[in-house]
Amino acid sequence: MNRFFWSVLSIGVAIIMLLPVLSVFWLALDFEQSIWQHLYDTVLGTYVVTTAILLLGVGCLATVLGVVTAWLVCSCQFPMRGFLSKNLLLPLAMPSYLIAFVYTDLLEYAGPVQTGLRQIFGFESAKDYWFFEVRSLNMAIFLFSMIWYPYVYLLSRTLFLNQANNLLRVGQSLGYSRMQSFLKLSLPLARPGIVIGLLLVLMEVFSEFGAVNYFALQTLSVGVYDTWLNRNSLSGAAQISVLMISVVGVFFLVDYVFRSKGRTQSIAEHYEPLKPIQLVGYKSVLAMLVCGLPSVIGFWIPFLTLAFYAVNYLNQLSVVPFLNYALNSLIISSCAALLAIVAGVLLLFPSRWQNKAYQHWILHCAVFSYAVPGTVLAIGVIIPLTWIDKELYFFSQEYFGASLSFVLSGSLVAVIYGQLVRFLALSKGAIGASWQSIGKNADLVAYSFGYSPGSALRCLHLPLLKPGVLTAGLLVFIEAMKELPMTLLLRPFNTETLTTFIYQYASDERLEECALAAVLIVLISLLPAFWLDQAITKKL
Amino acid sequence: MFHWVGLMVKNLKIGWLLVWLLVGFNPLVYGQVVNIYSYRQAFLVEPILKTFTQETGIQVQILYAGSGLAARLRNEGPLSPADLILTTDIGQTLQIEGLTQAVSNQILEKAVPAKYQHSKNHWFGLTTRSRIIYYAKGRVSPNAIETYEQLADPKWRGKICIRSGKHAYNLSLIASMILTHGEEKAADWLRGLKANLARRPQGNDRAQVKALKEGVCDLAIGNSYYYGKMVHNEKEPEQKEWAAAAGLIFPNQKDRGTHVGLTSVALTSHAPNRDSAIKLMEFLVGEQAQSLYAKVNYESPVRQATALSDFAQKTFGTFKADSLSLEEIGKYRQQASELVDKVGFDQ
């Protein structure tokens, strides 16, 4: 099991992960000028501008929130810090389409907020007072930041925690104040994690469809579906998806260029945990607010609203079918999470000794599927799997006389493979960030002791990677639990999961009837969220 | 837990075990079965399918997805397990062109009027839903507007609520306008309608009727069945208030008739359970299923002289539906979508 073996294995895994994206590229080959002419003449500008504003707004807000809360929680001591630090991860469990539905219900004219306002101030109708438009771009930017900042929070916190106290002493010896140490030393060292978190957020924005469609915003993902379903052009839809992938590719390229200009591996000899600054008075209150509000808005309000609906409807529903749906969700998500860890490790391992750029690029490309809108990626999954199935069918027919129908695409394999391909970015990001903080010298020491790469992986890297691996697995689990478009399209018959059940009712605006399923998704994701926190603080 | 991860990486045998388990995890159905790919939510058709199973003993498996089923079917090709496809709109019905087979069946051809079935028997309509104008009772008189064309009249400036122009229901309406008046006049009409909007198109049909009650607009465009659902909504009584605040106008009764959307059923090209599937198709256009559709979903059955409930009879029992064939309307759908973009309707 020498390096060549691991390199080949890694490339093999990358190709398997790339198949759906390659299928999307293949679909895009059929260029119809009329489609693009029409798009260019009419809505392309709007799509691009709206998407750009969304990317910019959510990117900035989520990054600032994520970094500030991560730093506060790592370097400062204030009341309820432990509780709040776990709280900050909770919005991960909230699907974007649900939060859009819930806040619209709460904030619209007939909802409790405006009704209360009208009662308090005695207004009679919508014309008597101003209230912001709920289904708007600003609201979307705000809500998306509130549920996606945890990516940045998670990854920056992992890296802040790894920074030694020695760093602070170096800062002090240079005459820096605490703030200057943060800006000039901590922040640049945590940059890989922050950037990966930001890239994940940006890819989420690109592929998000449910909430932007509900808010009637004209983004590129809406354009994808419109071109596919209304212009009857799957190739046009694939071409827009390829455009989106290219933009993401540019982001990665920019990051790569900046990163290669400096090394950010920690070379401290021993790690002293950071001594937190004690915050008192108004500063501690401010810290608690800053660390408390995002999770209240991004998790607690929607969760409690859904729980309220669910409890109201409990007597009209039987809970038994939900257990079946929950079991399906669990099986799919756990398998996707485990396989994501394996794939992530296998993909990243050869980069420990490879230095040539092209080898990195094959691996990086495998994560672009995160930016592709779900249903289009699902078609990308269907194409190779049905091809394999058809070959298997004819093969078995010819040689065994028995027909082996739909081994892959008619079973859970399709769904799990789809989830795996989509969420590989999370796994690669978390494991990659963690691996980067292990110096390459450690590998050299292992090899000088005669360890083969495989044993080095098992004995040296995996134990050190534990936080990154656990983060990856738990993140993928939580994401797979709430994933919708791919599960909807790829599943076999009689496989209802919690999300597909919710979609049936939520798409008919019958939120109350699916609230119980929504609450279950969130509850099931709570424990992994808690473990996630334990993983990064290395208590697990 | 961590030990397992190490095991997985090192020992791929467990991985294979997992794959084997999953591949075998295909719930088996014994006996006769019909498999449906459905664009309609499963809970809407389940009562009718259950009745079918009770009467014939044939099981029905249904897979619901909002979009993408046509592409999945196309890729599965001859090995697809799907027998029937249920669509909610003519746009979806046209997407499955080339994936269906013709069914020559007396019962189907007699039950479904010609304008609601494919000219070569590739699909059959099941129910229609009218796209009507809701008006705010008290603020607008029931005679104030009679046709879709009048929606562009400047007197309604800032008074109309409608959902996104790109939604399937609206695209069909716009397509029927293009078919009736030609593209230029339809474009003028659409521009006039856009100028009359009270707010940016958003929300679904029910949200438009809600907006009537809230005083945001005086006219709202929506499908007829929502009225029935709102009036009979025991779980959310405030929806009854929205319904009570709205009146219904079936446009163009004096000329061509009100525009209707069509849900339909089609038999796939390589249906593995052809005979059972055709039996189900016959059931769906039969008396029982058609009146169930009207009772449960407040849709209009395609079958003539189906027994309707009192409520259905009173609200939309007798109205004149557009005589245009849905298949013809469907041909203009792409143009309609382009028109929405050109006019900038959703912006």
Side-chain angles (χ1 to χ4, degrees), chain A residues 38 41-43 46 109-110 125-127 135 215-216 218 225-226 229-232 234 313 316 335 338 341-342 345-346 375 378-379 382-383 386 389-390 393 405-413 416 457-458 462 466 469-470 473 488-489 491-494 500 503-505 507-509 512-513, chain B residues 1-2 4-6 8-10 15 18-19 22-23 25-27 29 35 41-43 61-69 71-72 75-77 79 81 91 94-95 164 166 168 171 199-204 206-207 210-211 213-216 235-236 238 333-334 337-338 341-342 344 346-347:
Chain A
H38 168 81
D41 289 336
T42 54
V43 281
T46 314
Y109 183 89
S125 81
K127 300 189 169 78
R135 293 194 192 95
F215 280 5
Q218 314 249 285
Y225 283 96
D226 179 58
L229 300 172
N230 295 331
R231 309 296 311 288
N232 222 4
L234 184 54
Y313 278 76
Q316 297 179 34
C335 291
L338 282 173
I341 294 177
V342 172
V345 168
L346 288 177
T375 315
I379 305 295
I382 288 177
I383 292 174
T386 48
D389 271 339
K390 284 182 210 165
Y393 176 79
S405 74
F406 286 116
V407 167
L408 292 178
S409 64
S411 71
L412 279 184
V413 171
I416 295 175
L457 181 65
R458 191 165 40 106
L462 284 180
K466 210 157 89 162
V469 160
L470 283 172
L488 203 56
L489 187 57
R491 63 200 165 122
F493 285 106
N494 289 327
T500 60
Y503 181 67
Q504 276 194 68
Y505 288 90
S507 57
D508 210 32
E509 274 203 28
E512 290 77 3
E513 288 166 75
Chain B
M1 188 215 275
F2 184 65
W4 284 27
V5 173
M8 278 286 286
V9 171
K10 190 186 137 190
L18 214 62
V19 172
L22 291 169
V23 161
F25 189 82
N26 250 326
V29 177
N35 295 323
Q41 285 98 330
F43 67 81
Q61 296 195 116
I62 181 166
L63 182 78
Y64 162 66
S67 55
L69 287 173
R72 177 169 167 171
N75 278 290
E76 286 173 344
L79 300 184
L94 291 177
Q95 271 215 322
S164 163
K166 284 297 180 79
L171 284 179
R199 64 178 182 189
R200 186 173 64 94
Q202 51 184 274
N204 66 1
R206 243 185 275 220
K210 220 200 237 186
K213 169 139 194 329
E214 295 165 9
V216 173
K235 293 177 182 169
E236 293 162 80
E238 73 266 14
R333 216 169 160 278
Q334 201 167 316
S337 169
E338 291 172 16
D341 283 339
K342 282 192 197 142
D346 279 346
Q347 280 148 23

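Chain A is the first sequence line, chain B the second, and so forth, proteins listed ahead of strands; every chain is numbered from 1. Computed from heavy atoms alone, side chains included, the values below leave out hydrogens, waters and symmetry copies. Everything numeric here is computed off the predicted structure, so don't read it as measured data.
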Please enumerate all residues that pass side-chain hydrogen bond (donor to acceptor under 3.5 Å, both in side chains) together with B/Arg72, with sequence neighbours excluded. B/Tyr37, B/Glu76
Contact winner vs chain A - B/Ala211, B/Gly203, B/Ala207, heavy-atom pairs under 4.5 Å: B/Gly203
Before giving the answer on salt bridge (charged side-chain N to carboxylate O under 4.0 Å, His left out), spell out for B/Lys166 and B/Asp341 the whole-Å C-alpha distance, their side-chain angles and the decisive distance to 0.1 Å. CA-CA 9 Å; B/Lys166 284 297 180 79; B/Asp341 283 339; 2.9 Å; yes
Cut-off 4.5 Å, heavy atoms of chain A, and the answer for B/Leu63 is both
For A/Asn230, which atoms come within 4.5 Å of any heavy atom of chain B: side chain, backbone, both, or neither? both
Any donor-acceptor N/O pair, B/Asn35 side chain to B/Pro81 backbone, under 3.5 Å: yes
At a 4.5 Å cut-off on heavy atoms, which part of A/Gln504 comes close to chain B: side chain, backbone, both, or neither? both
For B/Ser67, is it the side chain, the backbone, both or neither that has a heavy atom under 4.5 Å from a heavy atom of chain A? both
Go through the structure and list residues passing side-chain hydrogen bond (donor to acceptor under 3.5 Å, both in side chains) with B/Glu214, not counting sequence neighbours. none
Using non-hydrogen atoms only, which part of A/Phe215 is less than 4.5 Å away from chain B: side chain, backbone, both, or neither? backbone
Answer with yes or no after comparing the ring centroid distance for A/Tyr505 and B/Phe43 against a 6.0 Å cut-off, counting only values under it. yes
